[in-house]
Participant: 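Sharing a structure here in structure tokens format.
All chains are named by letter (A, B, ...) in the order of the sequence lines, taking the proteins before the strands, and each is independently numbered beginning at 1.
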Amino acid sequence: MMGEHIMSELKLPSRSADFSEWYNELVIRAELADYAPVRGCMIVRPYGWAIWENIQQSLDRSFKATGHVNAAFPMLIPRSFIDREKSHVEGFSPELAVVTHGGGEELEEPLVVRPTSETIIGHAYSKWIQSYRDLPLLINQWNSVVRWELRTKLFLRTLEFFWQEGHTAHATLEEAETETRQMLDIYRDFAVNEAAIPVIPGRKTASERFAGADQTYSIEAMMGDGKALQSATSHNLGQNFAKAFEIRFLDQNGVLQYCWTTSWGLSTRFIGAIIMVHGDDQGLILPPRLAPHQVVIVPIYKSDEERIKVLEAARRIRSELVASGLRVVLDEREGTSPGFKFNDWEMRGVPLRIEIGPKDVAKENVVLARRDTPGKGGKSFVPQAGISEAVSGALEAVQKALYDRALNFRNANTADPKDFEDFRAAVEKGFAYSFWCGSPECERRIKEETKATTRCIPFDGPDGVGECIYCRKPASEKAYFAKAY
RNA sequence: CGGGGCGUGGCGCAGCUUGGUAGCGCGUACGGUUCGGGACCGUAAGGUCGGAGGUUCGAAUCCUCUCGCCCCGACCA
């Protein structure tokens, strides 16, 4: 038996007692990421990157299915490009990383490390687009960008982060709007069906809008501490960048027109969402569809004789599961006890564990343990015959249970406050869904007084009218308010 | 940028008040016993104490300056 002080070192800080510390330590201990030598930068470790690769695969498939293609634009952008779109400059100037020297010489014009690529892509689009026949232009790129943030946290906010940014150009406002909404819906579908994270799709208020956009849409998710995380965004850029970069086309009638452009992105921040929505005191819990390993097999044995038998069976089961398309790891490490392995893989969030020992070999069954249900309650005996069906079924059950749990949690922590005092209490716990008169002034005051910001105005808002939660004037729409990451 | 905390083997810390040349736990390597919920014993490797200057016979410890990181706030995917 281990002493208590040693046990406490093995345990994560409690999620409920110190959510922030729980998160920080989990990211390190699950080997998702590590701190880099430069403040605010992050090393994404292989296990964390494997999650990102699964995210990429899923999204990339959806992008391609809707006619988008991938390309790569440069990381270095002439400083003057940023200055061309007025609100874009205002939004991004404070957080630009600027390159002033190259090859030992001071540059004539400083270069910025892209904080996002609207400008350099706008520049390219102005050359490529001449006619309505060139439209729509639908390009995405997977890359990293740099924003000089003051306060950073692994995955959630780092100086450099990885993402995809889609940039499209269209002949009409309607088409651009359809595209913007279509991409948001792809994110929504991804969050719900792949990541098992319930999200609220909606429109951002002017103050929360992307610098240079006419309209920003987002999906908003509730984290395990009740705070909101903007999990993906999609922007209708109107003609702002088209005008700044002369992106024009000749229409069917021979009239020269500015294009309508959009951009949309989802970043490695989403990994932070997965951690904060599903994780528990034991560590990470990954949704089966995105888990690098969906199943871990832990063999249990004492003697050499047992070892040979158990491993033989374990390998056979692995082969069968792999053959049915599952991502499986067999933990054959020597000198490590089964109990240690259980905890180790639980920290890493593997959704399903198969335990197989001499007794199971004799009875031709295994123990199946669900990561989302701790202790004995999540364990069951399953025959080795037909194991892949049982495992697939269990993975689907975990996927669904994670979503249901997250949704229940969000519902339980979302309030429709009667008055502003109620509202204050609500945003300490989670989301407040309230009528809002639409004035930036009320929005600003609410933020000052409660730290809660408007997250979004959901698309499926109420039909009726009500009173603004702050000023009590008539209001026609409801917004979600919350403290946000 | 304001407030707080911390820099000592890979990790977590003690030692500092009252200077005497560095210690504990974990981890690592090797050997053995173990193995159905974080095993144990033995042996070993590993640190010029964040950096620079100063005081002193002597500095992890005292003084000055610096650098970095983490947490909380103001800005942000």
Side-chain angles (χ1 to χ4, degrees), chain A residues 1-12 18-21 23-25 28-29 34-41 90-95 115-116 144-165 187 204 207-211 216 218-220 228-235 263-273 282-283 298-304 306-307 310 333-347 353-361 366-367 369 374-376 378-379 381 447-448 451 453 484-485:
Chain A
M1 249 353 218
M2 307 190 76
E4 283 221 352
H5 62 289
I6 296 170
M7 278 307 287
S8 67
E9 279 173 18
L10 293 168
K11 285 256 184 228
L12 284 173
D18 192 345
F19 195 81
S20 181
E21 268 311 300
Y23 177 89
N24 288 337
E25 217 174 298
I28 299 297
R29 298 264 300 269
D34 205 349
Y35 293 100
V38 175
R39 177 197 73 86
C41 289
E90 288 167 6
F92 282 109
S93 284
E95 50 188 60
T116 177
S144 70
V145 292
V146 170
R147 298 179 187 177
W148 215 262
E149 301 290 351
L150 299 176
R151 230 185 111 200
T152 59
K153 200 172 175 83
L154 294 175
F155 287 116
L156 298 178
R157 189 174 302 101
T158 47
L159 298 201
E160 180 189 19
F161 60 92
F162 296 85
W163 72 346
Q164 54 70 217
E165 47 176 327
Y187 293 139
K204 285 291 198 182
S207 69
E208 296 282 329
R209 212 172 271 157
F210 174 75
T216 289
S218 73
I219 51 172
E220 300 286 331
L229 185 82
Q230 175 176 308
S231 305
T233 50
S234 186
H235 315 292
S263 67
W264 26 274
L266 181 146
S267 75
T268 39
R269 165 179 261 200
F270 200 91
I271 294 174
Q282 287 301 311
V298 178
I300 298 157
Y301 48 78
K302 296 189 173 84
S303 62
D304 269 1
E306 283 177 351
R307 190 174 71 95
V310 168
R333 280 179 292 179
E334 296 285 350
T336 310
S337 71
F340 180 89
K341 290 177 180 177
F342 295 168
N343 285 280
D344 196 36
W345 291 108
E346 281 170 5
M347 182 68 77
R353 177 178 70 237
I354 289 175
E355 306 170 9
I356 179 162
K359 294 175 203 165
D360 303 299
V361 172
V366 299
V367 172
K376 282 216 159 103
K379 291 195 186 191
F381 290 99
K447 184 179 176 183
E448 274 175 19
K451 308 267 184 240
T453 51
Y485 277 99

Participant: May I have the distance from A/I28 (atom CD1) to B/G27 (atom P), rounded to whole angstrom?
Facilitator: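 Value for this atom pair: 19 Å.
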Participant: Now, which nucleotide makes the Watson-Crick or G-U wobble pair with B/C30, with each of the two distances under 3.5 Å?
Facilitator: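 Paired with B/C30, as far as the under-3.5 Å criterion goes, is B/G42.
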Participant: Should the side chain of A/K379 and the base of B/G37 be counted as holding a donor-acceptor pair, with the cut-off at 3.5 Å?
Facilitator: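 Yes.
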Participant: Out of B/C35, B/C71, B/G37, which has the shortest distance to the side chain of A/Q282?
Facilitator: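 The closest nucleotide is B/G37.
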Participant: I need the NZ-P distance between A/K447 and B/G73, as an integer number of Å.
Facilitator: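 For the pair A/K447 NZ and B/G73 P, the rounded distance is 13 Å.
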Participant: Can you say whether a donor on the side chain of A/E346 sits under 3.5 Å from an acceptor on the base of B/G37, or the other way round?
Facilitator: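 Check passes, donor-acceptor contact within cut-off.
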Participant: Calculate the interatomic distance between A/N343 atom CG and B/G36 atom C1'; express it in whole Å.
Facilitator: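 Checked: the CG to C1' distance equals 14 Å.
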Participant: Among B/C71, B/G36, B/A74, which is the nearest nucleotide to the side chain of A/P358?
Facilitator: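 For A/P358, the side-chain atoms sit closest to B/G36.
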Participant: Can you check whether A/N24 has a side-chain N or O nearer than 4.0 Å to OP1 or OP2 of B/C70?
Facilitator: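 Indeed not, no polar side-chain atom of A/N24 lies that close.
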Participant: I need the CG-P distance between A/L150 and B/G73, as an integer number of Å.
Facilitator: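 That distance rounds to 14 Å.
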Participant: Could you state the atom-to-atom distance from OH of A/Y35 to C1' of B/G10 in whole Å?
Facilitator: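 After rounding, the gap between these two atoms is 17 Å.
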Participant: Considering every strand shown, what is the Watson-Crick or G-U wobble mate of B/G20 when both distances are under 3.5 Å?
Facilitator: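 B/C57 - that is the nucleotide pairing with B/G20, both distances being under 3.5 Å.
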Participant: Quick one: which of B/C35, B/C69, B/C71 gets closest to the side chain of A/E21?
Facilitator: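 Minimum distance to the A/E21 side chain belongs to B/C71.
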Participant: Rounding to an integer number of Å, can you tell me how far A/K153 NZ sits from B/C75 C1'?
Facilitator: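 The answer, rounded to whole Å, is 17 Å.
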Participant: Want to settle it: does A/G40 or A/L159 sit nearer the 5' end of RNA chain B, counting the closest nucleotide to each?
Facilitator: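 Result: A/G40.
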Participant: In terms of side-chain heavy atoms of A/I300, which of B/G36, B/A74, B/G37 is nearest?
Facilitator: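 Ranking B/G36, B/A74, B/G37 by closest atom to the A/I300 side chain puts B/G36 first.
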Participant: How is A/E149 classified with respect to the nucleic acid when contacts are heavy atoms under 4.0 Å: base, sugar-phosphate, or nothing?
Facilitator: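 It contacts base atoms.
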Participant: For the pair made of CZ in A/R151 and P in B/G5, what is the distance, rounded to whole Å?
Facilitator: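 A/R151 atom CZ is separated from B/G5 atom P by 17 Å.
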Participant: Among the nucleotides B/G36, B/G37, B/C72, which one has an atom lying closest to any side-chain atom of A/K359?
Facilitator: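 Of the options given, the side chain of A/K359 lies nearest B/G36.
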Participant: Does A/D360 get its side chain close enough to the base of B/G36, under 3.5 Å, for a donor-acceptor pair?
Facilitator: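 For A/D360, whose side chain was compared with the base of B/G36, there is a donor-acceptor pair (under 3.5 Å).
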Participant: Choosing from B/G37, B/A39, B/C70, which nucleotide comes nearest the side chain of A/F342?
Facilitator: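 Minimum distance to the A/F342 side chain belongs to B/G37.
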Participant: Given B/C35, B/C72, B/G38, identify the nucleotide with an atom nearest to the side chain of A/P338.
Facilitator: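 For A/P338, the side-chain atoms sit closest to B/C35.
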Participant: Any idea which of B/G37, B/C72, B/A74 is nearest the A/K451 side chain?
Facilitator: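 Within the option list, the nearest is B/A74.
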